[in-house]
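Notes follow the structure.
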2 protein chains.
Amino acid sequence: MTANASTQGIARAIAGVAASPGTLTAALVEEGQIDILNMAAQCFMARGYASTSIDDVARRLGSTKGRIYHFFASKADLFFAVAEVGMQFNYAAIDASLKSEAPAMERLRDMAFAHCLSMIETQPFQHSVWQGVEIHLRGSTTPEQRERLNALIETRDHYSALFRKVMEEARAEGAIHYDDPGIARQLMFMTLNSPIFWYKPRPGETAEDRKNIARQCTDFVLAGLGATPTA
Amino acid sequence: MTANASTQGIARAIAGVAASPGTLTAALVEEGQIDILNMAAQCFMARGYASTSIDDVARRLGSTKGRIYHFFASKADLFFAVAEVGMQFNYAAIDASLKSEAPAMERLRDMAFAHCLSMIETQPFQHSVWQGVEIHLRGSTTPEQRERLNALIETRDHYSALFRKVMEEARAEGAIHYDDPGIARQLMFMTLNSPIFWYKPRPGETAEDRKNIARQCTDFVLAGLGATPTA
DNA sequence: AATTGAACATACTACCGAGTATGTTGTCAA
DNA sequence: TTGACAACATACTCGGTAGTATGTTCAATT
């Protein structure tokens, strides 16, 4: 419960989603796990999954292994929990604009913006999601983790399909144009996801500053997709 | 010297650069190291640096540790050698368009295309370069590796600056427009680099197919930077 | 033919890290 | 007050991996 300054932002983000109408996190994240998930996400981002030891996470928590293994069965279990929370952040982020009745182009813009902002504001979790996808794209895992990993990828694919649908609608409306849909989607996500890698919170940074970054990424993507610039 | 089908492409790429006028690879890569570097690059891409054991590389080589440690002092040494070769591929790729006298916009297009194509055709090496940058952005390494890692980052920064210069020229010419130059460069490189992650060689694929992918990425980037579409 | 050294293979050590087994503390119910 | 259980901490085991020490082969000198 005692969150120091460096963890406060993420703890707030988790609390925000947990407080949202969705029942997703309520089922997954219990009280005693929040701090562990936050610190684990930071470790996984800082050193990568393979290089992060459970002792690293425990050290950042100011406690020992015992606490972690009390709540999580294994290192992989902890990792997947982090990644799944990350995906839930994303669903929560695009939820409103997804339900919108606006034209496809406007929905696409809003979803892209919300997604990108989620990358920035829940960066450590998103970095873990990324690593999970990377591990999957290769294919070197044990059968136990396989199942859990496949579930994560399935979630990710479903999420991706939401964007795909809106993209196709916007394309049908003539608002954007691209050659290969698969490549276009890859490039869009890579651009929107890129803050995962290069974003660093500045001291004194405001929420508006972060929105500004997300806006630039979104503009870049829409222009890249051949959208006519808005006024 | 006996390269099987799966390694032939990369071996050809190394031979191509080694045969080029530049003296870069001649100094770095010796005969007995080529196969090792190729297999190491593949392993690092497949499992990541941390998860790759020297025995993994040896197994892929069809030999044992002894061979690797005969040429490379440590695992880190091998990794940096791979990454440095990767950077040399990139310099070689953009060399021609860099020296061009054409307008900045045209040079930028050529460089972006060449860079992207290099990502595709030397993918495993570029993936290692990426990992090196990632490790650096965090900052958890031993002092010995630090020096070597800093050298790699310096090379990478210098390479990035080449693009920065041309981008600014093109911007001054009014050919492109963007808000924050740093973000614009990040988004450009992320898009051009993205094949590192999602490209997979298809059976029966031609060099033209790869060029087509690079072209789509380049078009996306230039459009993202606000360039007026060419005829 | 003997020597030398490069290019490996084999056999080992030392350590680190995941997972476990067990102890300790506090709290709450009965 | 006393179990009883949750929430940890402590102290171990044990497998994997980087690195080393030492053999072995072969080809080129001399």
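Remember, it's a predicted structure, so these values are computed and weren't measured experimentally. Chain letters run A, B, ... following the sequence lines, proteins first, then strands; residues in each count from 1. When reading the values below, keep in mind they use all heavy atoms of this one structure, side chains included, and skip hydrogens, waters and symmetry mates.
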Taken in chain and number order and not counting sequence neighbours, the residues that satisfy side-chain contact (heavy atoms from CB on, under 4.5 Å) with B:Ala76 are B:Tyr49, B:Ser74, B:Phe80, B:Gln145
With the criterion being N/O to N/O and under 3.5 Å, what pairs connect the protein with nucleotides 16-18 of chain C, and how long is each?
unit_1, atom_1, unit_2, atom_2, d
C:dA18, OP1, A:Thr52, O, 3.2
C:dA18, OP1, A:Lys75, NZ, 3.3
C:dA18, OP2, A:Ile54, N, 3.0
C:dA18, N7, A:Lys65, NZ, 2.9

Separation of C:dA7 atom C1' from B:Arg67 atom CZ, nearest Å, is 9 Å
Taken in chain and number order and not counting sequence neighbours, the residues that satisfy side-chain contact (heavy atoms from CB on, under 4.5 Å) with B:Glu208 are B:Thr206, B:Lys211
TODO: Taking atom types as modelled, find out whether B:His127 and B:Gln131 have a side-chain donor-acceptor pair closer than 3.5 angstrom.
DONE: yes
With sequence neighbours left out, the residues meeting salt bridge (Lys or Arg N to Asp or Glu O under 4.0 Å) with B:Asp157 are none
Under a 4.0 Å heavy-atom criterion, DNA chain D is touched by chain B from D:dT17 to D:dT20
Atom CZ of B:Phe71 and atom C1' of C:dC8 are separated, to the nearest Å, by 8 Å
Rounded to whole Å, CG of B:Asp35 lies from P of C:dA7 at a distance of 13 Å
Here the salt bridge (charged side-chain N to carboxylate O under 4.0 Å, His left out) pairs for residues 181-199 of chain B, sequence neighbours left out, are none
The salt bridge (Lys or Arg N to Asp or Glu O under 4.0 Å) partners of A:Lys200 (sequence neighbours excluded) come to none
Those residues at least two apart in sequence (or on a different chain) that pass salt bridge (Lys or Arg N to Asp or Glu O under 4.0 Å) with A:Arg59 are A:Asp56
Contacts of A:Asp180 meeting salt bridge (Lys or Arg N to Asp or Glu O under 4.0 Å) (sequence neighbours excluded), chain-then-number -> none
